[in-house]
Each structure stands twice: as structure tokens, then as C-alpha cells.
Amino acid sequence: MKRAGVAFFVAVPVAATALAYLLAPADSAEPTAKPSVSAAQAAREEAKHRAEVERAEDDKVIAGLPAGLAAPEKKELAQRIVASAHQSTLNWRALYGSIEDLGDGRGYTAGIAGFCTGNHDLLALVERYTETHPDNGLARYLPALREVDGTDSHEGLDPGFTAAWKAEAKLPAFRRAQDEHRDRFSFDPAVRLAKLDGLGTLGQFVYYDALIFHGPDAGPEGFYGLRERALRVADTPAEGGSEKAYLDAFLDIRRTAMAAERTDTSRVDTAQRRFLNEGNLRLETPLEWAVYGDTYKVP
């Protein structure tokens, strides 16, 4: 069964409305009355219950699978490969305080997972951090971050935001916040969905890198949108398809989306595609790849 990136439970409320109409007395003065608040609440509770049941079933499936990219050494490797594409380094721990505009239409890109002011993830990170650390040095920029969200604008952020980010990144609490945000909104969801799609360690990394770069959007250029497009042209291993064929299709679609934005595609062409063509579905070391023309090796 194909799994959509985002599930919308629209059928349940509709069914509840129909049921309320059918059960209304024939001589009712209001045969087309809307369902009561309690009926709408019941529909929402039913939808929630179904989602919880499906998640519990998925949890059982995942519990029986190998750790894959979630294994500590593989997760470390994943951060190194991502860092090579984001900041041309393998030392991802040096990136907590990094911040610059890469000219890619996403505003400022910052931190260990390339959080962007134009992609909502940087805003979400600062909002969550401020909930537990209200006096932090970035909180005063929240109004400006909300205004520029979805754009490449720096309005209200310059000239002090970059310095404030670098200063905050020296604090262990903000570093932990970056780690937690990366895991909760990028790493864990990507690995989970990839496992449910029947993908091995390389496929899990392919999803992770795409989710970081394109964001958790269901639109055609967001990660979930790219996955939906790939599902239309190739079956996942969970559906009985070839893992290589599916990943080829996903990378083709992702590359086209990146090229349309005039973004360098080497993280796909000479890194992930190289691993796939080498048959390294388990992302085993030693690894060699290139991004932006620079070659990287992990023994």
C-alpha cells in the first residue's frame, strides 16, 4: 500500500454528516441540519484513533527492522555527508554557529542542518528554543523571522541577526536545541518513512538529505511532494518494486526540481547517485564522493 507523506482524514467527517442526515426523523423540521458539535467531535476522535492505530502498526514494523541510518555510526556518517554539501566540510560539529545567505532563494542558511529563514525550519527552531529559554539572544528577532518566512528577505534581521546566531551557538543549550530539532523534524521522520517504504540505509539517507534540503512540504517541490511524484513512476520495495529503480526515480525527480531552481546538483550526481550506481545500498564505508567539485573520503 502506498503511503502518502501527509494523511488527511476527510472521509470520516463526511460520513458522519451523511449518517446524521439519514438517521434524522422523516418529519423532522430540519432534515438538512448540520451534525451537532458532539458528532463533529466524535468524527475527530475517530480520525485520531485511526491515526494512532496506524502509527502503532508502523511502530511494530519498524521495531523488527535493522537500525539502518539510525545506528550511531551511520547517523554520524550521514551528518558528515550532509555537511560536505552544506558547508564543504566533514566536521559537522563546527557548523552550529555557521550562517550565511547562499543565494539560493532561501534566505539565511544556518546551523548543523542548514536551517533556513525562508523555509520555516529556522523560525520553528527559534520559537521552540524560546519556549524553554525566553531570554535567549535570538528571541527579539522572532517578529522579523515571521515576516520573512517563505521569502529570501533579510528585512528586520540585518545587521545583527548573524552575530546573535553565532553568539547563541556557543551555548550548549542552543546546540542541543539544534540537535533535537534536526532529529525531530528531519532525521527521524525521514528514516521512519524510508523504512516503511522498504528502503535500506542508503535510501534512508537519500530521504534525509532531501527532507533537509527541500523542507517538509507537500507541494511539488517539497520533500513529500517529490516522494509522491516518485511513487507515481516506480514502486517502493515495500510495494514489491526494485530498490535501485525506485531510488533512481526519486533522484531523477529531485535533480529536476533542483535544476529548475538553478541549484547545483552535485550532492545528487556525484554523491548519492554514485553510491547507488556502486550498489552500496547499505552505505558501507569506505566512501568517496564529490560535491561542488571537491572530493571527500571516509575510510
Side-chain angles (χ1 to χ4, degrees), residues 1-8 54-55 57-71 74-75 77-79 81-82 84-85 113 185-261 263-285 287-291:
M1 180 179 69
K2 292 186 178 182
R3 297 177 177 273
V6 180
F8 297 94
E54 181 174 325
R55 183 172 183 86
E57 292 173 350
D58 289 345
D59 287 342
K60 291 180 182 178
V61 171
I62 291 173
L65 297 174
L69 201 68
K74 294 300 184 185
K75 185 175 182 179
L77 177 61
Q79 310 319 315
I81 300 173
V82 169
S84 72
F185 294 100
S186 297
F187 187 83
D188 292 347
V191 172
R192 177 184 179 85
L193 184 55
K195 286 183 176 181
L196 292 172
D197 280 346
L199 301 175
T201 307
L202 174 59
Q204 293 162 32
F205 175 76
V206 167
Y207 272 21
Y208 172 50
D209 187 68
L211 184 50
I212 282 182
F213 186 88
H214 297 276
D217 231 354
E221 308 307 320
F223 165 71
Y224 293 108
L226 296 176
R227 175 178 171 271
E228 288 299 325
R229 290 161 62 189
L231 290 173
R232 290 196 287 268
V233 299
D235 288 335
T236 66
E239 298 169 316
S242 159
E243 184 169 10
K244 185 180 187 304
Y246 173 75
L247 289 176
D248 263 327
F250 182 88
L251 291 176
D252 285 344
I253 289 168
R254 184 186 176 192
R255 187 186 189 284
T256 298
M258 294 173 70
E261 295 182 358
T263 301
D264 183 274
T265 60
S266 59
R267 66 196 300 152
V268 170
D269 301 334
T270 52
Q272 296 168 46
R273 184 85 72 180
R274 175 173 179 171
F275 304 151
L276 182 60
N277 289 340
E278 291 172 348
N280 193 355
L281 296 175
R282 297 173 65 180
L283 204 60
E284 300 282 9
T285 54
L287 279 181
E288 181 175 334
W289 70 96
V291 185

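Keep in mind that what you see is a predicted model, and the values were worked out from it rather than measured.
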Check step by step if side chain to side chain contact (heavy atoms under 4.5 Å, CB included) holds for Leu199 and Val206. CA-CA 10 Å; Leu199 301 175; Val206 167; over 6 Å; no
Note to self: Checking Arg192 against Arg55 for the side chain to side chain contact (heavy atoms under 4.5 Å, CB included) test, could you report, in this order, the C-alpha distance in whole Å, the side-chain angles of both residues, the deciding distance, and whether it holds?
What the structure shows: CA-CA 11 Å; Arg192 177 184 179 85; Arg55 183 172 183 86; 3.4 Å; yes
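The line from CG of Leu69 to CZ of Arg282 is 13.5 Å long, rounded to the nearest 0.5 Å. For the atom pair CG (Asp269) and CG (Asp264), the distance works out to 8.0 Å, reported to the nearest 0.5 Å. In this structure, CG on Leu276 lies 5.0 Å from CG on Asp248, to the nearest 0.5 angstrom. Between Ile212 atom CD1 and Phe187 atom CZ the span is 9.5 Å, to the nearest 0.5 Å. In this structure, the separation between CD on Gln204 and CG on Asp209 is 14.0 Å, given to the nearest 0.5 Å. Taken to the nearest 0.5 Å, the CE atom of Met258 stands 6.0 Å off from the OG1 atom of Thr265.
Of the charged side-chain nitrogens involved, at least one lies within less than 4.0 Å of a carboxylate oxygen, so that Asp252 and Arg273 count as a salt-bridged pair. Between Arg232 and Glu228 there is no salt bridge, since no side-chain nitrogen of the basic residue lies less than 4.0 Å from a carboxylate oxygen of the acidic one.
For the side chain to side chain contact (heavy atoms under 4.5 Å, CB included) test, residues two or more places apart in sequence or in another chain that qualify with Ala290 are Thr270, Thr295. Partners of Thr236 according to the side chain to side chain contact (heavy atoms under 4.5 Å, CB included) rule, which considers only residues two or more places apart in sequence or in another chain, are Asp197, Leu231, Ala238, Glu239, Tyr246. Not counting sequence neighbours, the partners of Tyr207 by the ring-ring contact (aromatic ring centres under 6.0 Å, His included) test are Phe223, Phe250.
Of all heavy-atom pairs spanning Lys74 and Leu283, the tightest one is NZ-O, 2.7 Å. Between Ala257 and His214, the closest heavy-atom pair is CB-CE1, 4.5 Å. Scanning both residues, Gly68 and Thr201, for their nearest heavy atoms gives CA-OG1, 3.5 Å. Of all heavy-atom pairs spanning Arg254 and Gln272, the tightest one is NH1-NE2, 3.5 Å. Counting all heavy atoms, side chain and backbone alike, Lys195 lies closest to Ala70 at NZ-CB, 4.5 Å. The minimum heavy-atom distance linking Ala234 with Ala245 is given by the pair CB-O, 4.3 Å.
Here the side chain of Gln79 pairs a donor or acceptor atom with the backbone of Lys75 at under 3.5 angstrom.
With contacts defined as side-chain heavy-atom distances shorter than 4.5 Å, the pair Leu193/Tyr224 qualifies. Residues Phe213 and Val82 have side chains not in contact (no heavy-atom distance under 4.5 Å, counting atoms from C-beta outward). Residues Leu247 and Phe275 have side chains not in contact (no heavy-atom distance under 4.5 Å, counting atoms from C-beta outward).
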